Amino acid sequence: MRIVGLDYGDSRIGVAVSDSMGWTAQPVATLAENGWEMQITKILAIIAEYKAEKIVIGMPKNMDGTVGARGEITREFAARLAERSGLPIEEWDERLSSAAAHRVLAEGNVRGKKKKGKVDKIAAVLILQGYLDSHA
C-alpha cells in the first residue's frame with residue numbers, strides 16, 4: 001500500500017510517497033501553490049498518480065507535546081483534504097523534522113537556492129519514514 005506523506009507549511013508543502021511495500025519514503029515534490037484549493041488539487045493528482053491509499057501529515061506540536069495555532073491550521077487543512085480525497089489521514093509528530101532536513105542537506109553540501117525547495121521534501125520524507133518505521 002502506498003502512502004503519501006506531507007510536511008504542511010505556511011508557504012510550501014513537502015510531499016513524499018512510500019514504495020508499494022510501505023518500507024521506504026521517497027521525495028516527490030515541493031508545492032508552492034497559494035490557497036488550499038490549489039494545494040489540495042495538486043495533492044489529489046499526486047495521490048492518483050501513485051495510487052496512494054493513505055495520507056500521513058506532519059503535525060507541528062510544541063516541545064511540550066501540545067498542539068498550538070499552527071497545528072490547528074494543519075488539522076483544518078487535513079480535514080478538507082480527507083473530505084476531498086476520501087482517504088484516511090493520520091497525524092505524525094513532526095517536531096524537529098525541518099531541523100533534521102536542514103542537517104541532511106548541510107551534510108550533502110546543498111546550499112543556497114538549491115536548499116530552499118528541498119527542505120520541505122526532505123522533511124516530508126522524514127515524517128513519512130518515521131511513520132513507516134513505527135508500523136514495520
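Just so it is clear, the structure is predicted and the values come from calculations on it, not from any experiment.
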If you group Ile, Leu, Val, Met, Phe, Trp and Tyr by side-chain heavy-atom gaps below 4.5 Å, do [X] and [Y] land in one group?
X      : Y     : answer
Ile43  : Met38 : no
Val125 : Val17 : no
Phe77  : Val56 : no
Leu81  : Val67 : no
Tyr50  : Ile40 : yes

Atom pair [atom1]/[atom2] of [X] and [Y] - distance to nearest 0.5 Å:
X      : Y     : atom1 : atom2 : value
Asp133 : Thr24 : CG    : OG1   : 10.0 Å
Thr74  : Asp10 : OG1   : CG    : 8.5 Å
Ile46  : Ile13 : CD1   : CD1   : 9.0 Å
Glu94  : Arg70 : CD    : CZ    : 8.5 Å

(message) Test your reading of the model: is there a side-chain donor-acceptor pair from Thr30 to the backbone of Asp120, 3.5 Å cut-off?
(response)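 Looks like no, no N/O pair under 3.5 Å.
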
(request) For Arg2 and Ser18, indicate whether the former's side chain and the latter's backbone hold a donor-acceptor pair under 3.5 Å. (result)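 Side chain of Arg2 to backbone of Ser18: a pair is present.
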
(request) Would you check, one step at a time, whether the test side chain to side chain contact (heavy atoms under 4.5 Å, CB included) holds for Leu128 with Trp92? (result) CA-CA 8 Å; Leu128 182 54; Trp92 188 254; over 6 Å; no

(request) Would you sort out whether Met59 and Arg75 count as a side chain to side chain contact (heavy atoms under 4.5 Å, CB included), showing the intermediate values? (result) CA-CA 8 Å; Met59 178 53 59; Arg75 281 191 173 144; 3.3 Å; yes

How close do [X] and [Y] get, counting heavy atoms only, and between which atoms?
X      : Y     : result
Ser85  : Ile55 : OG-CD1, 3.9 Å
Ala32  : Arg12 : CB-CG, 4.2 Å
Glu53  : Leu87 : O-CD2, 3.6 Å
Ile89  : Ala82 : CD1-N, 3.5 Å
Asp19  : Met21 : OD1-N, 2.7 Å
Ala124 : Gly5  : CB-O, 3.8 Å

(request) Would you please name every residue forming a side chain to side chain donor-acceptor pair (under 3.5 Å) with Trp36, sequence neighbours left out? (result)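 Counting only residues at least two positions away or on another chain, Trp36 forms a side chain to side chain donor-acceptor pair (under 3.5 Å) with Tyr8.
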
(request) Check side chain to side chain donor-acceptor pair (under 3.5 Å) between Gln39 and all other residues, then give those that pass, not counting sequence neighbours. (result)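 Expected list: none.
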
(request) List the steps and the verdict of side chain to side chain contact (heavy atoms under 4.5 Å, CB included) for Val4 and Val15. (result) CA-CA 7 Å; Val4 168; Val15 183; 4.0 Å; yes

(request) Please lay out, stage by stage, how Leu126 and Gln129 fare under the test side chain to side chain contact (heavy atoms under 4.5 Å, CB included). (result) CA-CA 5 Å; Leu126 294 172; Gln129 192 63 56; 5.8 Å; no

